[in-house]
Number of protein chains: 2
Amino acid sequence: MTTIRDVAKKAGVSVATVSRFLNGNGYVSQEAATAVKAAVEELNYELNTVARSLTTKKSNLIGLILPDITNPFFPELARAVEDVALTYGYTVVLCNSDEDPKKEKNYIETLKKKYIAGFIVTSNQLDAPHYANLKLPVVALDRVINEQIPTVVSNNRQGGFMGAQALVDRGSKNLLFLRGPEEFGSANDRYIGFGEAMEKNSVAYETVFCPFHFAEAENIVEQYLHDNKDIDGIFASSDVQAAGALKAAHNLGLAVPKDLQIIGFDGISMGEMLTPALTTVAQDIYKMGAIAARVLIKQIEGQPIENFMNEIPVNLVVRGTTKGAVT
Amino acid sequence: MTTIRDVAKKAGVSVATVSRFLNGNGYVSQEAATAVKAAVEELNYELNTVARSLTTKKSNLIGLILPDITNPFFPELARAVEDVALTYGYTVVLCNSDEDPKKEKNYIETLKKKYIAGFIVTSNQLDAPHYANLKLPVVALDRVINEQIPTVVSNNRQGGFMGAQALVDRGSKNLLFLRGPEEFGSANDRYIGFGEAMEKNSVAYETVFCPFHFAEAENIVEQYLHDNKDIDGIFASSDVQAAGALKAAHNLGLAVPKDLQIIGFDGISMGEMLTPALTTVAQDIYKMGAIAARVLIKQIEGQPIENFMNEIPVNLVVRGTTKGAVT
DNA sequence: ATATTATGTGTAACCGGTTACACATTACGG
DNA sequence: CCGTAATGTGTAACCGGTTACACATAATAT
């Protein structure tokens, strides 16, 4: 392995000069620069990032903490983060927290020892002060941790409103809202938006808590529909829930969208695979991930961050689980 | 940050002794051991893995190279790898290769500079010698690279046979086999197994190449079914293809499983969400990932590897896209 | 009793970078 | 023309571990 000293010798300068050239800081004369450049090329020198990390206490590693990569929402997010990270020369370490604070903490500790450059957090098991005390750049993705931490979220409230309104516009008169986990802020915003739409239109509705889990959603909805035959529209806080609801409807022999309309939330690609294909309030998942990565990298590189709150617009994707709008 | 020297001073021994104690190699007396242990606890000392990496030229990083985490087969695999890695103290770096040799190579180079401990490869864009020349532990997952590289794959051939046989047993007389990408060995094995079943039973069948992509599968199958009304059974080489086929059947108004039976391959959880739920030849995806991780770690830690070829059994999961067996 | 081996420990070099500091030279302002 | 600032460079310490080697002592073998 060629080291910086080999390069220095070959170029006839000191290691300090080589280092300065490589990092583009301090003064380096034209002559020295060309000599070093030539030596680097000739020797095929590549900088040892581990050695650099040891002195600088920095690395080009980014931690992406998410609840579970197996949940189909997250791979798309992870993909975006990774793509952007790669173009800026960062490497992503994936951390499945399983919503377990111990696991999350453990990852954070392990990676801090590696001088990780920063974290993107889509799972907040730890309390806000903990992230603040990290003394590391952090970006909250898909949820809000606090105002000091740059955040990237969808316009969940507007999405909640849109989905509800879309159902009403298409003639649903008795809605069921599948509310997400209470401790998950973004799900609450969707609920608020839903509530606003309900206030505006006067239709009957019920709300049921439901985890973001297919089989549980299927059970909950099947039971509910069995007991409440008049429901003609379901708005789910996530596509996975909506898939469960659709399944439940099928189990009960309900015609979707004729007897029952369903709208999901997320816009994951699985929605298209269902029959009928899922109408959904689509988040721009890729964009969320990409922006989160960029904001984190800005922080890492000490650039000023203009917006601490990045709210990404959502849009209604009308597919088969809703009727054509009744205008 | 407390260093090994702080510990040494506190314990009244040399850094060498502390290091030996910490790594459990070399001789350390009882007295020294207890003194060091106490000092470590008191100072809350944590070893700096970067510094260690610099000297040992090793790390506890594992690279997981896969084509695209967005493909629903891979998150389950990645999850298993990560779970196992974590319990052994390794950290996983996810690398989306996009089936692009340049990207794959780039990742490998970047991570080698970080003294990565080894790779699990589920995407082989590079030729076999390239992996061999890595001089690093490598495990091939879900595909075979060569005989020198430990491998974890499903029993794809048997799975191909099982799926085909299941269709025949359930009364399909005119089969369509959706063959996966030709350059993907595991898909070919499935094809071979399918062929063996065809040889054994005398039923008519056709084979069509089809990428592992929902929308393309949907198009290909819809076109094919439109032109060949007599097809009454489809065996897809992946669940994503099968989902496309199911969608195509719905588009054409075909009753599944009455008019057309469909069997997929993989056993990803999406299969349950479809209606009817997908009958599939399920791979034990989690087990594959878990074993791959264990085999890699064994290699890394210099333990002998008994099996270079780990073939994981598959099993038929009968759900709604097939009829009850005609016995 | 002596040779040999096993046990135990410390010093200092090393891994491959970064950078504070000292020093030299050149440019520039008044 | 001289003081000061800007430019340019090298030496050597440092980051926080590991380990070769030298040395000392205790245990065992002959």
Side-chain angles (χ1 to χ4, degrees), chain A residues 1-37 39-40 43-61 89 109-117 301-302, chain B residues 1-37 39-40 43-61 89 109-117 301-302:
Chain A
M1 179 179 252
T2 49
T3 74
I4 197 172
R5 284 165 232 270
D6 300 329
V7 174
K9 193 179 290 175
K10 183 121 213 161
V13 297
S14 72
V15 291
T17 301
V18 176
S19 179
R20 280 188 289 253
F21 170 79
L22 258 23
N23 293 293
N25 56 26
Y27 298 109
V28 178
S29 68
Q30 261 307 321
E31 299 166 80
T34 47
V36 171
K37 205 170 182 179
V40 165
L43 296 175
N44 228 290
Y45 169 75
E46 298 198 26
L47 192 143
N48 183 315
T49 51
V50 174
R52 171 184 277 179
S53 280
L54 183 57
T55 31
T56 61
K57 302 187 184 309
K58 285 181 190 128
S59 79
N60 59 348
L61 246 35
E109 291 310 314
T110 306
L111 293 175
K112 273 190 85 167
K113 275 192 246 166
K114 293 199 187 302
Y115 299 124
I116 191 124
E301 301 186 347
Chain B
M1 180 180 252
T2 50
T3 75
I4 196 172
R5 284 166 232 269
D6 300 329
V7 175
K9 193 178 291 176
K10 182 120 213 162
V13 298
S14 72
V15 292
T17 300
V18 177
S19 179
R20 280 188 289 254
F21 170 78
L22 258 22
N23 294 293
N25 55 26
Y27 298 108
V28 177
S29 68
Q30 261 308 320
E31 300 165 80
T34 46
V36 171
K37 205 169 180 178
V40 165
L43 296 175
N44 227 289
Y45 169 75
E46 298 198 26
L47 193 143
N48 182 316
T49 51
V50 174
R52 170 185 276 176
S53 280
L54 183 58
T55 30
T56 60
K57 300 186 185 311
K58 284 180 191 130
S59 78
N60 59 347
L61 247 33
E109 291 309 315
T110 306
L111 293 176
K112 273 190 86 168
K113 274 192 245 165
K114 293 199 188 301
Y115 300 124
I116 191 125
E301 300 186 346

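Heavy-atom basis, side chains included; hydrogens, waters and symmetry copies ignored.
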### Query
Under 4.0 angstrom, heavy atoms only, what part of the nucleic acid is Tyr45(A) near: base, sugar-phosphate, or nothing?
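Since only primed, P, OP1 and OP2 atoms lie under 4.0 Å of Tyr45(A), the category is sugar-phosphate.
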
### Query
NA contact type, Ser19(B), heavy-atom cut-off 4.0 Å: base, sugar-phosphate, or nothing?
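Here Ser19(B) touches the bases of the nucleic acid.
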
Any side-chain heavy-atom pair of [X] and [Y] under 4.5 Å:
X         : Y        : value
Arg20(B)  : Thr17(B) : yes
Leu22(A)  : Tyr45(A) : yes
Lys114(B) : Asn60(A) : yes

### Query
How long is the span from the CD1 atom in Ile116(B) to the OG1 atom in Thr110(B), to the nearest 0.5 Å?
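Taking CD1 in Ile116(B) and OG1 in Thr110(B), the distance rounds to 10.0 Å.
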
### Message
Is it true that Asn48(A) and Lys57(B) share a donor-acceptor pair across their side chains at a distance under 3.5 Å?
### Response
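No, no side-chain donor-acceptor contact under 3.5 Å.
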
Interatomic distance where [atom1] belongs to [X] and [atom2] belongs to [N] [whole Å]:
X         : N       : atom1 : atom2 : value
Ile4(B)   : dC14(D) : CD1   : C1'   : 16 Å
Lys114(B) : dG17(C) : NZ    : P     : 13 Å
Lys113(A) : dG16(D) : NZ    : C1'   : 14 Å
Phe21(B)  : dT7(C)  : CZ    : C1'   : 17 Å
Leu54(B)  : dG16(D) : CG    : P     : 12 Å
Asp6(B)   : dG16(D) : CG    : P     : 9 Å
Asn48(A)  : dC15(D) : CG    : P     : 18 Å

[X] side chain near [N] phosphate (N/O to OP1/OP2, under 4.0 Å):
X        : N       : value
Lys58(A) : dT18(C) : no
Asn23(B) : dT18(D) : yes
Lys57(B) : dG16(C) : yes

### Task
Among dG17(C), dG17(D), dG16(D), find the nucleotide with the atom closest to the side chain of Thr55(B).
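Nearest nucleotide to the side chain: dG17(D).
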
Residues forming a side chain to side chain donor-acceptor pair (under 3.5 Å) with [X], sequence neighbours excluded:
X         : value
Ser19(B)  : Asn23(B)
Lys113(B) : Glu46(A)
Ser59(A)  : none

### Where protein sits on nucleotides 6-13 of chain D, one letter per nucleotide: B base, S sugar-phosphate only, - none, heavy atoms under 4.0 Å
SBBBBBB-

### Task
For Lys10(A), check salt bridge (charged side-chain N to carboxylate O under 4.0 Å, His left out) against everything at least two apart and list the hits.
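Lys10(A) satisfies salt bridge (charged side-chain N to carboxylate O under 4.0 Å, His left out) with Glu42(A) only.
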
### Query
Taking five pairs at each end, how big is the angle between the two axes of the helix from dA1(C)-dT30(D) to dG30(C)-dC1(D), to 10°?
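The helix from dA1(C)-dT30(D) to dG30(C)-dC1(D) shows an end-to-end axis angle of 30°.
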
